[in-house]
Amino acid sequence: MYSVYKIPGYILCLMGAFFLSWGGLLVREWQGGDIWQILFWRAFFFSITLVVFLYSIYKNEVLSIIKKSGFPGLLGGITTSIGFIAYIFSMTETTVANVLFIISTQTIWLAIFGYFFLKEKITTKTFLSIILAMTGIVVMIGGSLNTGSLFGNLIALFIPINFAFLILLIRKFSKLDLVPALFYGGVIIMVVAFFMSDTILISKHNLLVGFLLGTFQHACGFICVVIGARSTPAVVVGLLMLTETLLGPFWVFLFLNEIPPISVFVGGSIIVIAVIFKTLEQKHTKPS
């Protein structure tokens, strides 16, 4: 496991985006059942993979590391669990492209929340990026009024918003460990999904899909991004994560021939331009 730390950070971030990009296709492969079953088994395998990874690093100190995160870690877990639930619900209610383009606005939401809660200044370029991103979202949501996917688009907005809130928690509580927060999120989802679902018994096919979602797509994706981001400039991480936005719709087109409405491509393109514009601004911003 330690060999993963020897991989260059930018390669790990790219790998993480690659793993995460398979989420939409795997959700589409789930046969029958209900959404809470998907959430339970995804969270189950995600949590197990996370514990195995933590144990390989911290050995018998795993429980102590999780406990040390305290209330901030638990609050972070609640935040991430809402985002994870919104991810699955939105993937079943609208196109994969819609969800991923909306998720990519997380950089924009960080700027907005930073202004209101951390009193951070918004530059002219950032303001223009926010206007562009919101325009793209409006175009996508407006186009969904005739396709019945409005609910999915609105639910998808919870994902980048919750992510931005999680980052604010991490910045406010400097000792907050992101990994325990993710673990709490997985456990919370398992408990909620267990009681919400009629049964957690599923077919062998769905068990395999749940395993791939929780281990390959979710856990490996987040582990790679978390480790890779430690040694990679934020501007590079932001741009590399757009790989998920571009690959996700490609997988469902390639394997399932899912083609979103033209409004998704128009709105999505506006969002990507806004995110790149905002991310590149950070590259030229020098710390005071």
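Positions are given from 1 along the sequence.
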Problem set entry | CA sep, side-chain torsions, deciding dist, call: Ile35, Ile85, side-chain contact (heavy atoms from CB on, under 4.5 Å) | CA-CA 9 Å; Ile35 292 176; Ile85 291 173; over 6 Å; no
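- Taking the side chain as every heavy atom from C-beta outward, Ile155 and Glu93 never approach each other to under 4.5 Å.
- In this structure a side-chain-to-backbone donor-acceptor pair under 3.5 Å is present from Ser129 to Lys125.
- Closest heavy-atom contact between Ala97 and Val264: CB-CG1, 3.7 Å.
- Under the 3.5 Å distance criterion, the side-chain polar atoms of His218 are left unmatched by any main-chain donor or acceptor of Phe45.
- Within the 4.5 Å cutoff, the side chain of Ile227 has heavy atoms near those of the Phe53 side chain.
- Put simply, Met241 and Ile11 are part of the same group of oily side chains (I, L, V, M, F, W, Y) that touch within less than 4.5 Å, one to the next.
- Using cut-offs of 30° and 60° for the angle between ring planes, the Phe250 and Phe253 rings count as tilted.
- Formation of a donor-acceptor pair under 3.5 Å by the Arg42 side chain with backbone atoms of Gln37 is not found in this model.
- At least one side-chain heavy atom of Asn60 sits less than 4.5 Å from a side-chain heavy atom of Tyr55.
- Between Met134 and Ile112, the closest side-chain pair of non-hydrogen atoms falls below 4.5 Å.
- Side chains of Asn153 and Ser90 form no contact here, defined as non-hydrogen atoms less than 4.5 Å apart.
- Separating the CD atom in Glu29 from the CG atom in Leu256 is a distance of 5.5 Å, to the nearest 0.5 Å.
- Residue Ser81 comes nearest to Gly185 through the heavy atom pair CB-O, 3.7 Å, listed as atom of the first residue, atom of the second, then distance.
- Linking ILVMFWY side-chain heavy atoms closer than 4.5 Å, directly or via other members, places Leu254 and Leu26 in a single hydrophobic cluster.
- If you take OG1 on Thr135 and CD1 on Ile130, they are separated by 11.5 Å, rounding to the nearest 0.5 Å.
- Nearest heavy atoms, Gly9 versus Ser231: CA-OG, 3.5 Å.
- When the shell of 6.0 Å around OH of Tyr10 is examined, it contains 12 or fewer heavy atoms from other residues, nucleotides or ligands.
- Side chain of Glu258 to main chain of Val96: a donor-acceptor pair is present (N/O by atom type, distance under 3.5 Å, no hydrogens or angles).
- One hydrophobic cluster holds both Leu54 and Ile57 under the rule that ILVMFWY side chains link at heavy-atom gaps under 4.5 Å.
- Residue Ala111 comes nearest to Ile122 through the heavy atom pair O-CD1, 4.1 Å, listed as atom of the first residue, atom of the second, then distance.
- If you look at Phe89 and Trp36, their ring centroids are closer than 6.0 Å.
- Under the 4.5 Å side-chain heavy-atom criterion for Ile, Leu, Val, Met, Phe, Trp and Tyr, Ile137 and Val139 are members of distinct hydrophobic clusters.
- In this structure, Trp41 and Phe44 have perpendicular ring planes: the angle between them is above 60°, well past the 30° mark.
- The distance from the CH2 atom of Trp30 to the CD1 atom of Ile88 is 9.5 Å, given to the nearest 0.5 Å.
- A side-chain donor-acceptor contact under 3.5 Å links Thr123 and Thr126.
- Gly23 approaches Leu213 most closely through the heavy-atom pair O-CD2, 4.0 Å.
- With values rounded to the nearest 0.5 angstrom, Ile103 atom CD1 is found 10.5 Å from Leu157 atom CG.
- With hydrogens and angles disregarded, no donor-acceptor distance shorter than 3.5 Å links the side chain of Thr215 to the backbone of Leu212.
- Environment of CZ in Phe18: crowded, with over 12 heavy atoms of neighbouring residues, nucleotides or ligands closer than 6.0 Å.
- The backbone N or O of Asn98 lies less than 3.5 Å from a partner atom in the side chain of Thr95, making a donor-acceptor pair.
- Hydrophobic clustering of Ile, Leu, Val, Met, Phe, Trp and Tyr side chains at less than 4.5 Å, counting indirect connections, keeps Val138 apart from Ile159.
- The distance from atom CD1 of Ile276 to atom OG1 of Thr107, rounded to the nearest 0.5 Å, is 11.0 Å.
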For this session: Test side-chain contact (heavy atoms from CB on, under 4.5 Å) on Ile200 and Phe194 and set out the steps.
Result: CA-CA 7 Å; Ile200 60 171; Phe194 178 81; 4.0 Å; yes
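- Judged purely by atom type and a 3.5 angstrom limit, Thr243 uses its side chain to pair as donor or acceptor with the backbone of Leu240.
- Under the 4.5 Å side-chain criterion, counting only non-hydrogen atoms from C-beta, Val225 is not in contact with Leu12.
- More than 12 heavy-atom neighbours from other residues, nucleotides or ligands sit within 6.0 angstrom of CZ on Phe113.
- Remark: side-chain polar atoms of Thr279 are paired, donor with acceptor, to backbone N or O of Val275 under 3.5 angstrom.
- Put simply, the side chain of Asn206 never gets that close to the backbone of Ile202: no donor and acceptor are under 3.5 Å apart.
- Note that the CD1 atom of Ile82 and the CD1 atom of Ile161 stand 11.0 Å from one another [nearest 0.5 Å].
- Aromatic rings from Phe84 and Phe222 are positioned such that their centres are separated by under 6.0 Å.
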Problem set entry | Audit row: Met140, Ile271, side-chain contact (heavy atoms from CB on, under 4.5 Å) steps and yes/no | CA-CA 10 Å; Met140 291 175 64; Ile271 289 173; 3.6 Å; yes
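- Contact annotation: the side chain of Leu128 never approaches that of Leu132 to less than 4.5 Å [non-hydrogen atoms, C-beta and beyond].
- Ser69 and Tyr184 make their closest contact through OG-CE1, 3.4 Å (heavy atoms, listed as atom of the first residue, atom of the second, distance).
- In this structure the side chain of Ser47 reaches within 4.5 angstrom of the side chain of Met190, judged on heavy atoms.
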Problem set entry | side-chain contact (heavy atoms from CB on, under 4.5 Å) assessment of Trp251 paired with Ser21 | CA-CA 8 Å; Trp251 300 139; Ser21 71; 2.9 Å; yes
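- The closest donor-acceptor contact from the side chain of Gln217 to the backbone of Phe19 lies at 3.5 Å or more, if one exists at all.
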